[in-house]
Amino acid sequence: MSGAGLSPVARELFDLPVLVLARRLVGKVLVHETEAGIAAGRIVETEAYRGPEDLAAHSARGRRTKRTEAMFGPPGRAYMFLLYGTSWAFNVVSGREDVPHAVLVRALEPLVGLELMASRRKRAATARELTNGPGKLTQALGIDGAAYGVDLARGKLRLCEGKAGPIGRSPRINIDYAGPWVTRPWRFFEKGNRHVSVAPRI
DNA sequence: GAATAGATTGTCT
DNA sequence: GACAATCTATTCT
């Protein structure tokens, strides 16, 4: 297969406004190499988080802590956080230093290493259930807090070029606490893709 | 298919 | 001590 035609994205990609980056990341391929092998998937769903004004973001109102520190760093790094004690979520940091923006990757379409993903996600009954959610895709690719702050333009965990079909948008998922920001259509997904986590409601 | 409740742990107040 | 950008099993249509 010799790389399956996968080449890393240019670093300049990350130097875009967060809403533009969230849209452009759809179709890109997330690759993770481990001792167990290579696993990779096409990104089919993202969400933009634009602190400090966006109350849905962890960096809302400029909150800068040990947990959110990566969002204040340079773009193109990974921001990882743990949800409900059980699920890791993977984000791509956007915005220059001290601008705490990030893009949450919510779903992938499995491309490489399907068997490896299945062995990591024993609960998944179907191929679709391997990576159709933020916590599921990190489990399938073997990503966790150890990836906090790593450079995504190169390395074991990296983003590679890929293409996407027509892209739709909708409000973000499960941020009911965010007041007026709840309805902002800052979720991007590939239209009609079966691997999108939650069917867009219209 | 849709709705509901319980799990589980690092981080923050 | 409470919470969270979720997942899973269970229950009901």
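Per chain, numbering begins at 1; letters A, B, ... match sequence-line order. These figures come from a predicted structure and were not determined experimentally.
In this structure, His58(A) has its ring center closer than 6.0 angstrom to the ring center of Phe81(A).
Rounding to whole angstrom units, CG of residue Asn132(A) and C1' of dT6(C) are separated by 12 Å. When the P atom of dC7(C) is taken as reference, atom CH2 of Trp88(A) falls 15 Å away, rounded to whole Å. Lys122(A) has its NZ atom 14 Å from the P atom of dA9(C), to the nearest Å. Atom CG in Asp176(A) sits about 10 Å away from atom P in dT6(C), given to the nearest Å. If you measure from atom CD of Glu129(A) to atom P of dT6(C), you get 17 Å, rounded to the nearest angstrom. The distance between atom CZ of Arg106(A) and atom P of dA4(C), rounded to the nearest whole Å, is 16 Å. Rounded to a whole Å, the CE atom of Met71(A) is 14 Å from the P atom of dT11(B). If you measure from atom OH of Tyr79(A) to atom P of dA4(C), you get 14 Å, rounded to the nearest angstrom.
Of the two residues near DNA chain C, Val103(A) and Ala124(A), the one whose nearest nucleotide lies more 5' is Val103(A).
Considering only side-chain atoms of Arg123(A), the nucleotide from dA4(C), dA9(C), dC7(C) that sits closest is dA9(C). Considering only the side chain of Arg63(A), dT13(B) comes nearest among dA5(C), dT13(B), dT8(C). The nucleotide whose nearest atom lies closest to any side-chain atom of Asn91(A) is, among dT8(B), dC7(C), dA5(C), dA5(C). Nearest to the side-chain atoms of Asn174(A) among the listed nucleotides dC7(C), dA5(C), dT6(C) stands dT6(C). Of the candidate nucleotides dA4(C), dT13(B), dT11(B), dA4(C) has the atom lying nearest to any side-chain atom of Tyr84(A).
Taking the ring centre of Phe188(A) as origin, the terminal cationic atom of Arg106(A) falls outside the region bounded by 6.0 Å and 45° from the ring axis.
Ala56(A) comes within contact range of at least one nucleobase, with a heavy-atom separation under 4.0 Å. Among the atoms of the strands shown, only primed sugar atoms or phosphate atoms (P, OP1, OP2) are found under 4.0 Å from some heavy atom of Ile175(A).
Within a 6.0 Å sphere centred on CZ of Arg42(A), other residues, nucleotides and ligands contribute more than 12 heavy atoms.
On a pure distance criterion of 3.5 Å, a polar donor-acceptor pair joins the side chain of His58(A) and the base of dA5(C).
Both distances falling under 3.5 Å, in either a Watson-Crick or a G-U wobble arrangement, occur for no nucleotide opposite dT8(B).
Minimum heavy-atom separation, Asp54(A) to Ala60(A): O-CB, 3.4 Å.
Checking the phosphate oxygens (OP1, OP2) of dG10(B), no side-chain nitrogen or oxygen of Lys66(A) falls inside 4.0 Å.
Just one residue in the list Met71(A), His101(A), Glu69(A) forms a side chain to side chain contact (heavy atoms under 4.5 Å, CB included) with Tyr79(A), and that residue is Met71(A).
With centroids closer than 5.5 Å and planes inclined by less than 30 degrees as the test, Tyr49(A) and the base of dA5(C) pass as a stacked pair.
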